[in-house]
Amino acid sequence: MPFYVKQGQIPAQRHTVFRKPDHTLYAEELVSTHGFSSLYSLVYHCHPPTLVKQIREPYDVTPKIAREKHLKHTSLKGFQVQAKDDYLESRTPVLVNQDLHISLAAPRQSMTDYFYKNSQADEIIFVHQGTGKLKTGYGSIPFQYGDYLVVPRVQFTRWNLIRQTTDCLLLSRFRRYVRQSGIVMNLAS
């Protein structure tokens with residue numbers, strides 16, 4: 001059984017002409033990881049979200065593995081990661097496998113000239129230090145010490161830091177373990 005959540009003004013019927021008060025059209029966007037065959041959000045924008053000013057070279061966030069199949073006890077000194085200006089460059093993978101990347105990040109500056117989307121993984125971000133706002137297509141989410149931010153793989157984001165140098169723990173989940181119904185899938189191998 002589908003469930004619907006309504007925020008703001010929406011048309012009476014989906015995928016139809018929907019006009020602003022000045023009679024110009026709202027831009028419709030379907031946001032989903034699996035198109036129409038899965039859960040999705042239908043979002044109406046005042047300005048088309050497809051307007052792209054520039055496409056830069058992709059930034060590779062593939063982790064460099066220091067020790068393959070390392071099974072010894074190891075003490076990790078977590079939040080002593082070197083701070084870097086850019087959010088993506090500050091991400092330091094600590095533990096990785098094919099399902100999950102656990103990384104630390106310490107960005108010093110806000111992302112002012114680009115948005116970021118991890119198209120391969122959902123992200124859970126724990127804010128260990130700092131404050132700011134995570135800008136998304138759905139609005140700005142304020143964050144502070146102790147907050148968890150859950151970012152689905154389809155969401156564009158931009159970090160606006162209020163307190164410079166924010167320490168974060170990132171969990172990037174590459175496989176889906178929960179069905180749409182909320183039941184945990186048995187994927188043990």
Side-chain angles (χ1 to χ4, degrees), residues 3 5 7-8 29-45 47 49-52 55-56 58-63 78-79 81 83-182 184-185 187:
F3 59 92
V5 176
Q7 298 286 331
E29 177 187 19
L30 180 103
V31 181
S32 173
T33 57
H34 298 295
F36 291 100
S37 64
S38 177
L39 294 177
Y40 63 86
S41 293
L42 198 53
V43 182
Y44 293 91
H45 300 274
H47 306 287
T50 55
L51 179 64
V52 176
I55 297 176
R56 296 181 185 173
Y59 183 81
D60 187 9
V61 294
T62 305
F79 289 102
V81 65
K84 295 184 180 171
D85 290 341
D86 184 72
Y87 169 70
L88 291 179
E89 292 176 6
S90 76
R91 295 166 60 121
T92 305
V94 179
L95 300 169
V96 300
N97 67 21
Q98 65 183 3
D99 299 331
L100 181 72
H101 290 183
I102 300 174
S103 305
L104 298 172
R108 279 194 293 246
Q109 296 179 2
S110 296
M111 296 163 57
T112 56
D113 61 343
Y114 70 93
F115 280 85
Y116 166 72
K117 174 173 89 166
N118 186 338
S119 62
Q120 301 299 310
D122 300 316
E123 293 187 341
I124 301 170
I125 302 155
F126 171 72
V127 180
H128 182 257
Q129 176 179 308
T131 57
K133 289 186 178 180
L134 183 68
K135 294 186 81 172
T136 72
Y138 299 106
S140 294
I141 302 169
F143 64 83
Q144 62 185 0
Y145 164 77
D147 285 345
Y148 285 90
L149 303 168
V150 178
V151 182
R153 69 185 70 207
V154 297
Q155 184 62 57
F156 286 96
T157 59
R158 176 184 283 171
W159 289 82
N160 287 336
L161 305 178
I162 295 170
R163 177 179 174 219
Q164 300 308 320
T165 307
T166 299
D167 291 340
C168 303
L169 170 69
L170 294 103
L171 304 175
S172 301
R173 183 182 60 156
F174 290 87
R175 291 177 64 186
R176 299 211 178 255
Y177 293 99
V178 180
R179 290 191 177 100
Q180 291 178 18
S181 62
V184 176
M185 292 187 281
L187 294 175

**Evaluation steps, side chain to side chain contact (heavy atoms under 4.5 Å, CB included), between Tyr116 and Val151** = CA-CA 11 Å; Tyr116 166 72; Val151 182; over 6 Å; no

**Item:** Distance (rounded to the nearest 0.5 Å) between Leu95 CG and Leu104 CG
**Value:** 9.0 Å

**Request:** List the atom of Cys168, the atom of Ile125, and the distance in Å for their closest heavy-atom pair.
**Result:** CB-CG2, 3.9 Å

**Asked** Are Asn118 and Ser172 side-chain neighbours, meaning at least one heavy-atom pair lies under 4.5 Å?
**Response** yes

**Message:** Is any side-chain heavy atom of Leu171 closer than 4.5 Å to one of Leu100?
**Reply:** yes

**Request:** Using the side chain to side chain contact (heavy atoms under 4.5 Å, CB included) rule, take Ile102 and Leu169 through it: C-alpha gap first, then chi angles, then the decisive distance, then the call.
**Result:** CA-CA 7 Å; Ile102 300 174; Leu169 170 69; 3.7 Å; yes

**Prompt:** Checking Asp122 side chain against Arg153 main chain: does a donor-acceptor pair fall under 3.5 Å?
**Reply:** yes

**Spacing of Asp167 atom CG and His128 atom NE2 [to the nearest 0.5 Å]** = 7.0 Å

**Item:** CD1-CG distance between Ile141 and Leu149, expressed to the nearest 0.5 angstrom
**Value:** 6.5 Å

**Request:** Output yes when a side-chain donor or acceptor of Arg158 lies under 3.5 Å from a complementary backbone atom of Lys135, and no otherwise.
**Result:** no

**Prompt:** Is there side-chain contact between Thr92 and Ser103, with at least one heavy-atom pair below 4.5 Å?
**Reply:** no

**Item:** For the student: nearest non-hydrogen atoms of Val81 and Ala106, plus distance
**Value:** CG1-CB, 3.9 Å

**Request:** State whether the number of non-hydrogen atoms from other residues, nucleotides or ligands found under 6.0 Å of Tyr44 atom OH is greater than 12.
**Result:** yes

**Prompt:** Less than 4.5 Å apart, any side-chain heavy atom of His101 and any of Pro63?
**Reply:** yes

**Item:** Shortest non-hydrogen contact from Lys133 toward Ser140
**Value:** CD-CB, 4.1 Å

**Asked** Between Arg91 and Glu123, is there a salt bridge with N-O shorter than 4.0 Å?
**Response** yes

**Request:** For the pair Ser90 (side chain) and Lys84 (backbone), establish whether a donor and an acceptor sit closer than 3.5 Å, ignoring hydrogens and angles.
**Result:** no

**Request:** Indicate yes or no: at least one non-hydrogen side-chain atom of Glu29 is less than 4.5 angstrom from one of His45.
**Result:** yes

**Prompt:** Should the pair Phe126 and Tyr148 be assigned to parallel (<30°), tilted (30 to 60°) or perpendicular (>60°) ring geometry?
**Reply:** tilted

**Asked** Looking at Tyr114 versus Trp159, is the centre-to-centre ring distance below 6.0 Å?
**Response** no

**Request:** Starting at CD of Gln109, measure out to CD of Glu89 and round the result to the nearest 0.5 Å.
**Result:** 10.5 Å

**Complete:** Sorted by chain and residue number, the ring pair (Phe, Tyr, Trp, His ring centres under 6.0 Å) partners of Phe115 (sequence neighbours excluded) come out as none

**Prompt:** Taking C-beta and beyond as the side chain, do Thr136 and Gln155 meet within less than 4.5 Å on heavy atoms?
**Reply:** yes

